[in-house]
Amino acid sequence: MKKSEAQNNLEKIVSLAKRRGFVFPSSEIYGGFPAVYDFGPYGVELANNIKKEWWRAMTQLRDDVVGLDSAIFMNPKIWEASGHVKGFSDPLTECRKCHSRLRLDALLEEAGIFADEKMTEDEINQIFEDNKQKIKCPSCGAQDFTPGKKFNLLVQSNLGNFTGDWSKEPTYLRGETCQGIYVNFKNVVDTARVKIPFGIAQIGKAFRNEITARQFVFRTREFEQMEMQYFVKPGDDMAYFEKWRETRFNFYLDLGIAPENLKWHKHENLVFYAQEAYDIEYNFPFGFKELEGVHARGNYDLTQHSKFSGQDLNYLDPNTNEKFIPHVVETSAGVGRTFLAVFCEAYQEEAVGEEMRTVLRLAPKLAPVKIAVFPLLKNKPELVAKAREIFDDLKKDWRSEFDDNGNIGKRYRRQDEIGTPYCLTVDFDTLENGEVTVRDRDTMKQERIKINDLRKFFQEKI
Ligand code: GAP
């Protein structure tokens with residue numbers, strides 16, 4: 001289905017996310033903190049449900065992937081070995097008029113000119129020079145910029161090591177979670193009885209000094225990644241790469257994203273060690289942009305860590321006695337971006353009689369609240385007691401919410417806006433015949449269901 005105008009209106013999406021307690025700007029009472037966001041009460045539930053689905057799909061349902069939770073702080077040598085200290089940078093320019101600091105590759109891209117953050121400073125400045133008349137500052141419209149300069153994205157910290165031989169070097173907050181996977185490869189092989197091909201999955205925070213971080217939670221300076229490195233025998237890369245591409249694309253369909261709002265983007269300008277790199281892009285309100293990367297990375301990372309650590313990271317094949325550094329197929333997704341994608345996808349405005357309603361048609365498994373339980377009237381203790389009894393029972397299995405505030409219509413609207421798939425009302429008939437009204441978020445149809453059948457009903461629906 002084509003996306004509606006409302007779904008493509010980022011302002012409306014941001015406003016609902018704030019108004020209903022999904023996402024708050026960080027440190028708001030102090031005037032905020034750029035490009036950092038907090039997940040509110042419903043946001044944390046949605047983000048947790050996304051992570052739960054990813055973890056289930058990537059570890060629980062597979063017998064070839066194990067989990068890991070490595071630390072955010074790591075020996076700084078890791079970031080040298082990985083190439084981040086030297087090469088993890090974006091080209092930065094500054095508008096000479098309003099002094100906005102901007103990403104040069106993004107400015108060029110917005111003007112329809114191909115550019116890539118992996119280009120050298122000279123390459124990108126040449127393209128910039130050739131197209132100067134087409135580039136305008138998005139803040140003030142001026143066309144006067146400083147030459148592009150590479151700006152390293154690693155976030156430094158002053159965490160102290162007072163004894164190590166690297167004590168003079170800066171320590172970093174990790175720029176990507178997968179380095180924790182590479183440096184634990186040997187530990188996992190030695191302890192987890194895994195055999196190649198196998199994967200290691202991890203969810204965790206990453207930090208980047210993003211130059212321009214606009215577009216809400218799409219690009220932030222602190223964010224969460226869901227990454228999996230799949231270790232294969234050299235030569236088997238492409239077969240597994242194709243399998244993972246299919247698996248990962250289907251994951252987003254399973255979250256309720258329409259296929260026409262997803263597409264593949266093939267990287268043309270590959271880093272020297274990569275064999276193939278594709279991104280899954282989602283049709284965000286600001287256009288198709290990267291949601292997840294699926295990359296065949298060869299043996300670059302393990303080779304680098306082997307060199308820099310002095311440790312043998314070869315794998316010994318128990319069947320053939322062959323020794324080799326495994327190749328890696330990586331799948332790397334962001335929690336914030338998936339959150340924004342499912343939120344935009346679910347956002348709907350529709351006329352109900354004379355009124356408009358906003359509804360989040362989230363897949364029930366992602367919805368922050370699955371069932372809302374209402375007594376018809378707040379001031380009738382027998383209705384409230386029965387509704388509480390049902391709520392106390394259902395909440396053991398499903399995240400439920402009890403609400404006795406305002407008229408039923410208002411309560412429905414509130415639950416529609418947070419994406420609750422089912423609302424259940426206890427009325428006077430309930431006390432007589434043991435039936436409640438269950439209202440479906442999407443169709444708004446109501447049906448009477450026996451209290452004793454509720455568990456079966458929700459088990460089938462959710
Ligand atoms: N290990 C590979 C890697 O980190 P990446 O393309 O830089 O690759 C992977 O990041 C994913 O992490 C992206 O597809 C995106 O979903 C998420 N991501 C990256 N930078 C982000 C940022 N600044 N804010 C939010 N999400 C980000």
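Note that the coordinates shown come from a computational prediction; the quantities given were computed from them, not determined experimentally. Indexing begins at 1, ligand by ligand and atom by atom, following the structure's order.
Listed by atom number, the atoms of ligand 1 under 4.0 Å from Glu330 heavy atoms are 1 (N), 2 (C). Those atoms of ligand 1 that come under 4.0 Å of a heavy atom in Glu176, given as number and element, are 1 (N), 2 (C), 3 (C), 4 (O). Proximity to Glu227 (heavy-atom distance under 4.0 Å) selects the following atoms of ligand 1: 1 (N), 2 (C), 3 (C), 4 (O). Here is the list of ligand 1 atoms found below 4.0 Å of a heavy atom in Ala333: 16 (O).
Between Phe39 and Phe339, the ring centre distance stays below 6.0 Å.
Using a 4.0 Å heavy-atom cutoff, Arg221 is absent from the residues neighbouring ligand 1. Within the 4.0 Å heavy-atom shell around ligand 1 one finds Cys178.
Under the rule for a side chain to side chain contact (heavy atoms under 4.5 Å, CB included), the partners of Glu123 that lie at least two apart in sequence or sit in another chain are Met119, Thr120. Listed by chain and number, the residues in a side-chain hydrogen bond (donor to acceptor under 3.5 Å, both in side chains) with Lys51 are Glu224 (sequence neighbours excluded).
A salt bridge links Arg413 to Asp416: one of the charged nitrogens lies within less than 4.0 Å of a carboxylate oxygen. A salt bridge is absent between Arg357 and Glu349: the closest approach of a Lys/Arg side-chain nitrogen to an acidic carboxylate oxygen does not fall below 4.0 angstrom. Checked for salt-bridge contact, Arg19 and Glu417 meet the test: a charged N lies under 4.0 Å from a carboxylate O.
Cation-pi check for Lys370 over Phe458 is not met; the charged atom does not lie both under 6.0 angstrom from the ring centroid and within 45 degrees of its normal.
Ligand 1 has a nitrogen or oxygen under 3.5 angstrom from a nitrogen or oxygen of Leu291. Polar contact check, Val217 against ligand 1: no nitrogen or oxygen pair lies under 3.5 Å apart.
Residues Glu330 and Tyr230 have side chains that never bring a donor and an acceptor to within less than 3.5 angstrom of each other.
In terms of protein heavy atoms, atom 17 (C) of ligand 1 is closest to Gly334 CA, 3.8 Å. When only non-hydrogen protein atoms are considered, atom 24 (N) of ligand 1 lies nearest to Thr220 N, 2.9 Å. For atom 25 (C) of ligand 1, the closest non-hydrogen atom on the protein side is Phe218 O, 3.2 Å. For atom 9 (C) of ligand 1, the nearest non-hydrogen atom of the protein is Ser332 OG, 2.9 Å. Regarding atom 10 (O) of ligand 1, its nearest protein heavy-atom neighbour is Gln225 NE2, 3.4 Å. Here the heavy atom of the protein found nearest to atom 6 (O) of ligand 1 is Glu290 OE2, 3.1 Å. Closest to atom 7 (O) of ligand 1 among all protein heavy atoms lies Arg208 NH1, 2.7 Å. The nearest protein atom to atom 18 (N) of ligand 1, hydrogens excluded, is given as Phe223 CE1, 3.5 Å; this is a heavy-atom distance.
Taking 4.5 Å as the limit, every side-chain heavy atom of Phe223 sits out of range of all side-chain heavy atoms of Lys205.
Looking at His295 against ligand 1, nothing comes within 4.0 Å, counting heavy atoms. Residue contacts with ligand 1, taken as heavy atom pairs separated by less than 4.0 Å, do not involve Ala206 at all.
For the side-chain hydrogen bond (donor to acceptor under 3.5 Å, both in side chains) with Tyr282, the lone residue among Glu345, Lys263, Lys289 that qualifies is Glu345.
Counted within 6.0 Å of NZ on Lys365, heavy atoms from surrounding residues, nucleotides or ligands total more than 12; the atom is thus considered enclosed.
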